[in-house]
K.L.:
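Just dropping this structure here.
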Amino acid sequence: MEKLWCLTQVVVLIMVGVLSFGGITTTEGIRFDIDREECLSYNVHFEGDTFHLSFVVIKADTPWHFTEDGVDLVIKGPSDEQIHDFRDKTSGKYEFIVQKKGLYQFCFTNKSPYHENIDFDIHVGHFPHYDQHATDEHFSPLLDEISKLEEALDNIQFEQHWLEAQTGRQAIVNDNMSRRTVHKAIFESICLIAASILQVFLLKNLFERKLGLSRV
Amino acid sequence: MKSGNMRREVVYELLVVCLAVNLLVGDAIWLNLPATGTKCVSEEIQNNVVVLADYVVVSDDHTHIPTISVKVTSPYGNNLHHKENVTHGQFAFTTQESGNYLACFWVDGNNAKGGEVSVNIDWKTGIAAKDWDSVARKEKIEGVELELRKLEGAVEAIHENLLYLKSKEAEMRIVSEKTNGRVAWFSIMSLGVCIVVSALQVWHLKRFFQKKKLI
């Protein structure tokens with residue numbers, strides 16, 4: 001717990017605030033700027049839940065992005081066991097079944113020398129079936145089906161969020177390409193004109209000197 | 001028989017309450033603010049969406065609760081909410097523009113202790129911000145019908161999201177096609193400038209040499 005708070009200058013902690021006995025389907029999507037390293041935590045309340053997560057690196061608007069650097073993501077469980085890690089990825093999706101409830105930690109490491117903007121989304125799907133709640137009541141099949149529907153809809157919203165983030169990234173790349181074409185053409189023309197003026201000047205200089213020497 | 005039915009009703013109601021509660025869950029973030037500097041959280045929100053949020057400073061030490069300042073801005077720079085020296089507060093608005101909404105927090109200068117401050121932010125957008133209790137009361141619906149209404153709301157939100165994605169994709173396609181045209185035209189222009197400039201060069205040097213009686 002102490003390690004979590006001391007990790008970097010800023011630590012973002014995500015917690016679900018509401019406990020519920022029925023279907024908990026929670027979706028959190030945030031965008032944050034990352035400098036070198038950033039860690040987030042999420043508290044999972046029930047075992048057996050399916051934990052979906054996705055991240056997309058939405059590049060900042062610096063004009064000198066040459067390489068496709070990604071980020072590293074390390075997922076750690078409540079007792080610091082490593083669940084999964086991504087290396088040098090610009091986007092990724094992962095899902096796992098929660099074995100232990102508690103605080104899950106996600107640490108991003110930025111590989112490129114610039115600030116990046118990362119869109120991070122979490123979706124925890126919880127089924128009433130798996131809930132070991134005390135009551136033995138047979139839940140109505142209708143409400144069962146409704147909660148399944150709800151879970152499916154939340155899954156769709158999770159996928160849509162990922163799509164939106166990817167589209168945003170592509171839009172930035174497209175705009176940059178468009179601007180760079182024009183800049184490149186103008187820069188090239190200016191260089192050509194400058195080079196030819198320099199050529200003319202040098203040749204004139206050369207011949208004038210030669211003429212000057214030969215006429216003396 | 002009657003008691004069995006009543007028990008069932010209670011369970012249904014409990015379930016309804018639980019399902020109702022969970023659909024209201026939005027973003028509950030704990031932010032750790034550094035002693036100096038701002039920490040911002042952003043979210044991409046479409047037009048005409050209800051946003052509800054409330055924030056509370058969490059402090060272990062109950063005698064002295066540090067105060068923070070908060071500023072929420074719209075994508076075009078309009079100031080939606082600005083408060084200084086508070087320990088808790090809330091804001092609500094309906095988005096007029098679609099884009100990146102930014103909520104920035106910073107610790108006030110008069111925080112005697114220094115060090116990091118934790119803020120709990122609960123931020124709900126769109127369908128999660130809808131007040132289903134008042135809808136249920138107003139239209140006098142409950143139980144399965146209320147759940148189905150919520151699902152209908154969720155499906156409509158998904159549909160709107162999809163339309164938004166479609167429009168963004170169309171914009172991107174336009175930019176791509178423009179880039180395609182620009183690559184061709186500007187390369188030709190560049191090549192044309194090269195040819196014209198070298199022709200001018202040759203003409204200028206010819207004139208120069210003719211003047212110096214070398215040709």
K.L.:
Would you give the length of the straight line joining atom CG of L153(A) to atom CG of L151(B), rounded to the nearest 0.5 angstrom?
P.N.:
6.0 Å
K.L.:
Looking only at heavy atoms, what is the nearest atom pair of Q157(A) and A154(B), with distance?
P.N.:
NE2-O, 4.2 Å
K.L.:
As an exercise, state the distance from CE of M177(A) to NZ of K178(B), rounded to the nearest 0.5 Å.
P.N.:
12.5 Å
K.L.:
What is the minimum heavy-atom distance between K168(B) and E164(A), and which atoms define it?
P.N.:
NZ-O, 4.4 Å
K.L.:
Rounded at 0.5 Å granularity, tell me how far CG in N161(B) sits from CD1 in I156(A).
P.N.:
11.0 Å
K.L.:
For R207(B), is the CZ atom crowded, meaning more than 12 foreign heavy atoms sit under 6.0 Å from it?
P.N.:
no
K.L.:
Is it the case that over 12 heavy atoms from other parts of the model lie below 6.0 angstrom from the CZ atom of F209(B)?
P.N.:
yes
K.L.:
Given a strict heavy-atom distance threshold of 4.5 Å, which part of I158(B) is in contact with chain A: side chain, backbone, both, or neither?
P.N.:
both
K.L.:
Looking at OG1 of T181(A) and CH2 of W185(B), how far apart are the two atoms once the value is rounded to the nearest 0.5 Å?
P.N.:
15.5 Å
K.L.:
Please indicate whether E169(B) has more than 12 foreign heavy atoms, meaning atoms of other residues, nucleotides or ligands, lying under 6.0 Å from its CD.
P.N.:
yes
K.L.:
Can you establish whether the number of heavy atoms outside H88(B) located under 6.0 Å from its atom NE2 is more than 12?
P.N.:
no
K.L.:
Measuring from atom CD of E147(B) to atom CG of L149(A), what distance do you get when rounded to the nearest 0.5 angstrom?
P.N.:
11.0 Å
K.L.:
Are V182(A) and F186(B) packed together at the side-chain level, in the sense that at least one heavy-atom pair is separated by less than 4.5 angstrom?
P.N.:
yes
K.L.:
Relative to chain A, which segment of L162(B) carries a heavy atom at a distance below 4.5 Å: side chain, backbone, both, or neither?
P.N.:
both
K.L.:
Please report the closest heavy-atom contact between R182(B) and S178(A), naming both atoms and the distance.
P.N.:
NH1-OG, 2.8 Å
K.L.:
Could you give me the CA-CA distance, side-chain angles and deciding distance for T179(B) and N174(A), then say whether side-chain contact (heavy atoms from CB on, under 4.5 Å) is met?
P.N.:
CA-CA 8 Å; T179(B) 311; N174(A) 266 4; 5.9 Å; no
K.L.:
Could you measure the distance from the CD1 atom of I30(A) to the CD atom of E44(B)? Nearest 0.5 Å is fine.
P.N.:
14.5 Å
K.L.:
When only pairs under 4.5 Å are counted, which of V200(A), L203(A), D33(A) shares the most heavy-atom pairs with chain B?
P.N.:
V200(A)
K.L.:
Check whether any side-chain heavy atom of V144(B) lies under 4.5 Å from a side-chain heavy atom of L143(A), and answer yes or no.
P.N.:
yes
K.L.:
With a 4.5 angstrom heavy-atom cut-off, is it the side chain or the backbone of D175(A) that approaches chain B, or both, or neither?
P.N.:
both
K.L.:
Below 4.5 Å from any heavy atom of chain A, which atoms of E177(B) appear? Answer side chain, backbone, both or neither.
P.N.:
neither
K.L.:
Search all heavy atoms of A185(A) against all heavy atoms of S190(B) and return the closest pair with its distance.
P.N.:
O-OG, 4.3 Å
K.L.:
Check whether any side-chain heavy atom of V197(B) lies under 4.5 Å from a side-chain heavy atom of L192(A), and answer yes or no.
P.N.:
no
K.L.:
If every non-hydrogen atom of M189(B) is compared with every non-hydrogen atom of S189(A), which pair is closest and at what distance?
P.N.:
CE-OG, 3.4 Å
K.L.:
Strictly by modelled atom types, are S196(A) and Q201(B) linked by a side-chain donor-acceptor pair under 3.5 Å?
P.N.:
no
K.L.:
Has K206(B) got more than 12 heavy atoms of other residues, nucleotides or ligands less than 6.0 Å from its NZ?
P.N.:
no
K.L.:
Take E43(B) and R31(A) through the test salt bridge (charged side-chain N to carboxylate O under 4.0 Å, His left out) and record every step on the way to the result.
P.N.:
CA-CA 6 Å; E43(B) 206 169 315; R31(A) 289 194 183 184; over 6 Å; no
K.L.:
Less than 6.0 angstrom from the centroid, inside 45 degrees of the normal: does K204(A) satisfy that with respect to the ring of F208(B)?
P.N.:
yes
K.L.:
With a 4.5 angstrom heavy-atom cut-off, is it the side chain or the backbone of N100(B) that approaches chain A, or both, or neither?
P.N.:
side chain
K.L.:
Walk me through it: do E208(A) and K212(B) pass the test side-chain contact (heavy atoms from CB on, under 4.5 Å)?
P.N.:
CA-CA 9 Å; E208(A) 265 166 13; K212(B) 301 288 181 182; 4.1 Å; yes
